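Fair warning: this is a prediction, and the values are worked out from it, not measured in the lab. Below, chain A is the first sequence line, B the second, and so on; all start at residue 1.
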Amino acid sequence: MAWQEERCPECGSEEVIVDHERGEIICQKCGLVISSNIVDEGPEWRAFDHEQLVKRDRVGPPLSPVLYDEGLSTQISIEKIGYEDASKRRQLYRLRKWQRKIKTLDATAKNLALAFFEIRRISSILGLPEHVVELAATYYRQALKKRLIKGRSIEGVCAAVIYLACKEAGIPRKLSELAEAANVNRKEVGRNYRNLVRSLAIKVLPTRPIDFIPRFSAALKLPGIVSSYAIKIALRAREKGLSSGRGAPGLAAAAIYIAATLFGERRTQKEVAQISGVTEVTVRNRYKEMFNKLNIEVLV
DNA sequence: AAGACGAAAGTGGTTGA
DNA sequence: TCAACAACTTTCGTCTT
């Protein structure tokens, strides 16, 4: 992870922050975008506990885990077989029957095919990057192997694995967002998610407010400098113990609200609240707390 | 007229016995 | 499994810009 050692060429600060969503490294001090497209280096550039598992799962040729049969299945068309050669025709017919058998009998493959389609569908609604889709697919595979899907809806489990993948990739989405995109109620997604984490023994770090900030800022059409500053505020708030027990989206919203106001890019509490999926009241409460306990002007 | 503010009651999730 | 609890939401009246 060479980028962690990097200094900002502008101000020499070592405090750089990673915007996972847009694949950029941003200086925390001056907001300079140091490098971009780091996501293209591959989905596994972060060291998680489960990384080994995922890697081992993918040993072999670089096939996308999203293709349920790895794209190797072949269709034999019966129409192309002539009627003149009876034995050949019978032989091919048998072959085709076998194929059908394999496909339909293998409930696992069928389930995977459906699930991967669903994962793609949900992910595209939420505009998630490819590496998250693949991570989600990998989780689904593991879940299926451990028989976790039994008795649950495919959509519900798909929503849960995507929720988990987003978290792990550093671009968290809210449970309600997943539930809405998947057309499943939030409770079910939450239940599946907890089940997943427990059974796969995945260590999930609590969602950080700063992971929400780039996305919310972009949605509010705020310049990068505001986003960087909001991150700074959020980090400072955490130091002061203002984040414990508080929901990450609300904290992110408040930090953005303050930063935007400070940089003359004012957004109303309503706008910020809407993008963040919290109410104005929550934005207000968090921002009040931050403003009172944080010495904001010192940060500039 | 729109935004910000704060009180108060209601809701859903977590926790600990 | 149930009750207590904190965080968050909803609603609404009032103040500010």
Side-chain angles (χ1 to χ4, degrees), chain A residues 126 148 151-153 155-168 171-213 215-217 219-223 226 229-231 233-297 299:
Chain A
L126 296 172
L148 293 178
R152 297 167 212 281
S153 75
E155 300 84 38
V157 178
C158 285
V161 294
I162 297 170
Y163 178 73
L164 175 60
C166 285
K167 247 188 183 186
E168 292 295 81
I171 47 169
R173 295 296 184 272
K174 297 178 67 176
L175 265 181
S176 50
E177 293 179 84
L178 262 307
E180 200 190 331
N183 241 336
V184 184
N185 73 54
R186 201 178 82 252
K187 247 182 172 171
E188 192 185 331
V189 182
R191 211 175 26 217
N192 287 341
Y193 166 71
R194 252 168 298 168
N195 227 291
L196 206 62
V197 171
R198 186 161 43 81
S199 307
L200 299 183
I202 296 164
K203 262 195 210 161
V204 184
L205 300 168
T207 311
R208 299 173 306 171
I210 59 169
D211 285 330
F212 282 108
I213 290 176
R215 175 158 66 103
F216 293 167
S217 301
L220 288 163
K221 301 202 191 329
L222 288 165
V226 173
Y229 192 75
I231 287 170
I233 293 173
L235 289 172
R236 183 61 62 92
R238 196 168 59 104
E239 280 172 25
K240 295 259 175 183
L242 292 174
S243 339
S244 79
R246 268 76 216 264
L251 288 162
I256 290 169
Y257 178 72
I258 295 173
T261 307
L262 250 44
F263 280 88
E265 288 278 347
R266 200 179 177 81
R267 299 291 183 275
T268 65
Q269 291 178 357
K270 197 175 174 182
E271 286 175 297
V272 180
Q274 232 158 28
I275 297 291
S276 317
V278 296
T279 61
E280 296 169 61
V281 182
T282 302
V283 175
R284 209 146 52 218
N285 291 340
R286 290 298 89 76
Y287 126 77
K288 277 280 163 200
E289 290 165 7
M290 287 184 185
F291 210 79
N292 289 339
K293 298 232 172 91
L294 257 46
N295 212 344
I296 298 292
E297 45 280 337
L299 290 169

Colleague: I'd like to check the side-chain contact (heavy atoms from CB on, under 4.5 Å) partners of A/E180; sequence neighbours left out, ordered by chain and number.
Modeller: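 side-chain contact (heavy atoms from CB on, under 4.5 Å) check on A/E180 returns nothing, list empty.
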Colleague: For a stem of at least 3 consecutive Watson-Crick or G-U pairs with distances under 3.5 Å, i pairing with j, i+1 with j-1 and so on, which stems involve DNA chain C?
Modeller: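 Looking at DNA chain C, the stems formed by three or more consecutive pairs are B:1-11 with C:7-17, B:13-17 with C:1-5.
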Colleague: The criterion is side-chain contact (heavy atoms from CB on, under 4.5 Å); which residues satisfy it with A/N183, sequence neighbours excluded?
Modeller: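 Counting only residues at least two positions away or on another chain, A/N183 forms no side-chain contact (heavy atoms from CB on, under 4.5 Å).
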Colleague: Applying side-chain hydrogen bond (donor to acceptor under 3.5 Å, both in side chains), name anything that partners A/S199, two or more places apart in sequence or on another chain.
Modeller: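 side-chain hydrogen bond (donor to acceptor under 3.5 Å, both in side chains) check on A/S199 returns nothing, list empty.
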Colleague: Using whole Å, report how far CD of A/E289 lies from C1' of B/dC5.
Modeller: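 To the nearest whole Å, that distance equals 15 Å.
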Colleague: A/Q269 CD to B/dA2 C1': how many Å, rounded?
Modeller: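 Nearest whole value for this atom pair: 12 Å.
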Colleague: Does any part of the side chain of A/R215, heavy atoms only, come nearer than 4.5 Å to the side chain of A/I171, both counted from C-beta?
Modeller: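 A side-chain contact is absent here, since even the closest heavy-atom pair is not under 4.5 Å.
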Colleague: Does anything in residues 157-164 of chain A come within less than 4.0 Å of DNA chain B? Heavy atoms only, and list the residues if so.
Modeller: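 Those residues: none at all.
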Colleague: I want to check one thing: is the phosphate of B/dG3, taken as OP1 and OP2, less than 4.0 Å away from some side-chain N or O of A/R267?
Modeller: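 For A/R267, the contact criterion (side-chain N or O under 4.0 Å from OP1 or OP2 of B/dG3) is not met.
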Colleague: Using a 4.5 Å cut-off on heavy atoms from C-beta on, say whether the side chain of A/V161 contacts that of A/L196.
Modeller: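 Yes, close enough: below the 4.5 Å cut-off.
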Colleague: Under a 4.0 Å heavy-atom cut-off, which of residues 174-193 of chain A touch DNA chain C?
Modeller: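 Hits under 4.0 Å, by residue number: none.
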Colleague: Check the distance between B/dA8's P and A/N285's CG and give it to me in whole angstrom.
Modeller: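 So the CG-P distance, A/N285 to B/dA8, works out to 14 Å.
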Colleague: Rounded to whole Å, please give me the gap between NZ in A/K288 and P in C/dA7.
Modeller: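 It works out to 19 Å between those atoms.
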Colleague: Taking the side chain as everything from C-beta on, heavy atoms only, tell me whether A/R236 gets closer than 4.5 Å to A/L242.
Modeller: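 Answer no - side chains too far apart.
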Colleague: So which pairs with a foot in residues 173-207 of chain A pass ring pair (Phe, Tyr, Trp, His ring centres under 6.0 Å), sequence neighbours left out?
Modeller: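 Qualifying pairs: A/Y163-A/Y193.
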Colleague: Side-chain donor-acceptor pairs under 3.5 Å in residues 272-279 of chain A, sequence neighbours left out?
Modeller:
unit_1: A/S276; atom_1: OG; unit_2: A/V272; atom_2: O; d: 2.6
unit_1: A/T279; atom_1: OG1; unit_2: A/T282; atom_2: N; d: 3.4
unit_1: A/T279; atom_1: OG1; unit_2: A/T282; atom_2: OG1; d: 3.3

Colleague: Say whether, by atom type as modelled, one donor and one acceptor occur between the side chain of A/N192 and the main chain of A/G156 under 3.5 angstrom.
Modeller: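 Here the side-chain-to-backbone pair exists.
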Colleague: So does A/A260 get a backbone contact from the side chain of A/R267, meaning a donor-acceptor N/O pair under 3.5 Å?
Modeller: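 Side chain of A/R267 to backbone of A/A260, a donor-acceptor pair under 3.5 Å: no, none is there.
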Colleague: Residues two or more places apart in sequence or in another chain: which of them pass side-chain hydrogen bond (donor to acceptor under 3.5 Å, both in side chains) with A/S153?
Modeller: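 With sequence neighbours excluded, A/S153 shows a side-chain hydrogen bond (donor to acceptor under 3.5 Å, both in side chains) to A/E188, given in chain and number order.
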Colleague: All N/O contacts under 3.5 Å from nucleotides 10-17 of chain C to the protein, with atom names and distances to one decimal?
Modeller:
none

Colleague: What nucleotide, of C/dA7, B/dC5, B/dG3, holds the atom closest to the side chain of A/Y287?
Modeller: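 Nearest to the side chain of A/Y287 among the choices is B/dC5.
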Colleague: For A/E289, enumerate each residue passing the side-chain hydrogen bond (donor to acceptor under 3.5 Å, both in side chains) test, keeping only those at least two apart in sequence or located in another chain.
Modeller: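 Scan of A/E289 (side-chain hydrogen bond (donor to acceptor under 3.5 Å, both in side chains), adjacent residues dropped) gives A/R246, A/R286.
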Colleague: Mind checking what makes side-chain hydrogen bond (donor to acceptor under 3.5 Å, both in side chains) contact with A/R266, not counting sequence neighbours?
Modeller: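 Partners of A/R266 under the side-chain hydrogen bond (donor to acceptor under 3.5 Å, both in side chains) test: A/Y257.
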